[in-house]
Asker: 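Below is a structure I'd like to ask you about.
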Amino acid sequence: MSGERVLYGVAGSPGIGMGHALVYREKPMGSLEREVTDVKLELERYHNAVETFCRVTEAKADRVAEMAGKEQGDIIRCQSAMIRDPYLNGQVEGRIASRQSAEEALSASCDLFIDLFTASDDEVTRQRAADVRDLRGAMLRLLLGLPETDFSALKPGTVLLAEELSPSAVSVLNSANVAGIVLGKGGPTSHSAILARALEIPAVLGVEDRVLDTAPGEEVIVDGNRGCAVFSPGQVMRSVYESRQREFLQLRASLREFVGRQTVTAEGQRIHLFANAGSVADASRAAGYGCDGIGLVRTEFLYLDRTSQPGEEEQFHAYRQILSAMRDKPVIIRTLDVGGDKELPYLDQPQEENPFLGCRGLRFSLREEDMFRVHLRAVLRASAYGKAQLLLPMVTGVEEIRRAREILEEEKEVLRRRRVAFDEHLPMGAMVETVAACLVAEAMAKEVDFFSIGTNDLTQYILGVDRGNARVAHLYSYFHPAVLRQVRQVLEAARNTGTPVGMCGEAAADTALTPVLLTFGLEHFSVAPVSLLPVRKAISLWNREEARAVTEEALALDTEEEVRQYLKSREKR
Ligand code: PEP
Ligand code: MG
């Protein structure tokens, strides 16, 4: 194939890689069936292979831990625990006893786990199937005496293309010679993606099998920021990417020193920087960069993309995992925020003419009260394991908060009667993301312990622009003077009433707005894990006087475009 073309997938590991294609195709193993005459000998072959596998795996894990940290090493190390799993071993030994070859017995037993994981509703569990496939491949190669594909000494500038690449194959890659990875399968939560991120190799995943159409040696650009790969790029595309790559590398180098640091302004004013988490994996990523807690757990992640709603136990375990990952730092768990553009197919809700003005957020929970009660019990139980706080979404007034509190108190009573531990003083806050909430913020302050400003929705409700409608997307902007004035008013109301307030909408992560938000008095920012370091760095570059001057200039402007262009021109990164 020739001529420039682009394949789109998902961003697996950030960065821009440029190089030449090495297309890897897994070779079929051949038949695993064989008549076994000596069962004892076959069992011994199997156990010897397990020993060798564990030795090799531990050595790989040590290398990864050294290069990328203990947690990443443990991704590989868990395979030696898996192969020693008593259930798996029992399965394999039973099959060998009934005269299957060690290869066939192991392969069939691994298939049980692969099928189980693949059938899961949960994306993270589904990705675990790749770990078992990895283990099965490595064990079969040992048993069959086949060499392991050696990716450790590739030519510099190699872009590795494959349908799937196992975590152990990724673990031996080196960013000095592997410019990037493009895979047909996999998602950002796969262990291969986690390892690629840790090894700082740009990766694009899930581009499907067209990836194997690439000619060996073809020039490839891997854009791990946008999630696409460009094949046989023309001169214009190449030079665009050369400058993007330079910019990315400079930024990455300058951000590295902010890992694990406190967030302070240029004058040393302490700012609290939290992370937004849409999964357990997000929370552990955020912990890796260092943050003051989780400012928003989007609990929807447990409810979407499945065929039935999660029960109390499943929810409790997920919230507890996030609380444990954060240890003694606050974790703000937002109650279910569905409706709008987030539908639960298994609930059979009527179609709405204007879903963003319909039954969403807290309105949905108050309507589906039984479901809300299960949800609250799960959060309450998890609150015994850390510093949880509860946050209500899409609030428009005091009455909704009072009703939510009544239900919460009733569920606390249920748990007390059952003698189940929970945090008696679990703080409860409200999202400020509707115009109504802004206007009655002082009254709401008497009902809640804190506010969190959701600029994503607030922007759409102030401007009357559907945040998901591409035809009006050019009108959706938190740089609009109306949005900025509203945010300032909410922060003033919070200050007047002594209510702690944070911001968890995307505006908090936009470093062009940092001086404005600091001047308005925002002290709690909550941003996606990937934005933690850029925001921490931006905050460190502003002092009060300079930020105030920029904010005054910005507020004197009349149009969204003027404000945006002005603030972008003064942005510090
Ligand atoms: C918001 O509206 O700003 C927000 C943080 O919530 P979501 O984007 O999940 O609606
Ligand atoms: Mg919202």
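For ligands, and for the atoms within them, numbers begin at 1 and follow the listed sequence.
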Asker: Can you tell me if an N/O/S atom from Asp337 lies under 2.8 Å from the Mg ion (ligand 2)?
Answerer: no
Asker: Restricting to N, O or S atoms, which atom of Glu433 is closest to the Mg ion (ligand 2)?
Answerer: OE1
Asker: Taking salt bridge (Lys or Arg N to Asp or Glu O under 4.0 Å) as the test, write out the residues that go with Glu406, two or more places apart.
Answerer: Arg403
Asker: Among Arg373, Arg377, Arg405, whose salt bridge (Lys or Arg N to Asp or Glu O under 4.0 Å) with Glu410 holds?
Answerer: Arg373
Asker: So if I only count non-hydrogen atoms and take anything under 4.0 Å from ligand 1, which residues does that give, chain by chain?
Answerer: Leu296, Arg298, Arg334, Asp337, Lys342, Met431, Glu433, Gly454, Thr455, Asn456, Asp457, Arg467, Cys504, Gly505
Asker: Evaluate the ring planes of His524 and Phe274, with Trp represented by its six-membered ring, and classify them as parallel (under 30°), tilted (30 to 60°) or perpendicular (over 60°).
Answerer: parallel
Asker: Hey, would you say the His375 and Phe316 ring centroids sit under 6.0 Å apart?
Answerer: no
Asker: Does Tyr8 have more than 12 heavy atoms from other residues, nucleotides or ligands lying within 6.0 Å of its OH?
Answerer: no
Asker: For Asp457, what is the atom name of its N, O or S atom nearest to the Mg ion (ligand 2)?
Answerer: OD2
Asker: Counting only N and O atoms by type, is there a donor-acceptor contact under 3.5 Å from the side chain of Thr459 to the main-chain atoms of Asn456?
Answerer: no
Asker: Can you find a pair of side-chain heavy atoms, one from Ser383 and one from Tyr319, that are under 4.5 Å apart?
Answerer: no
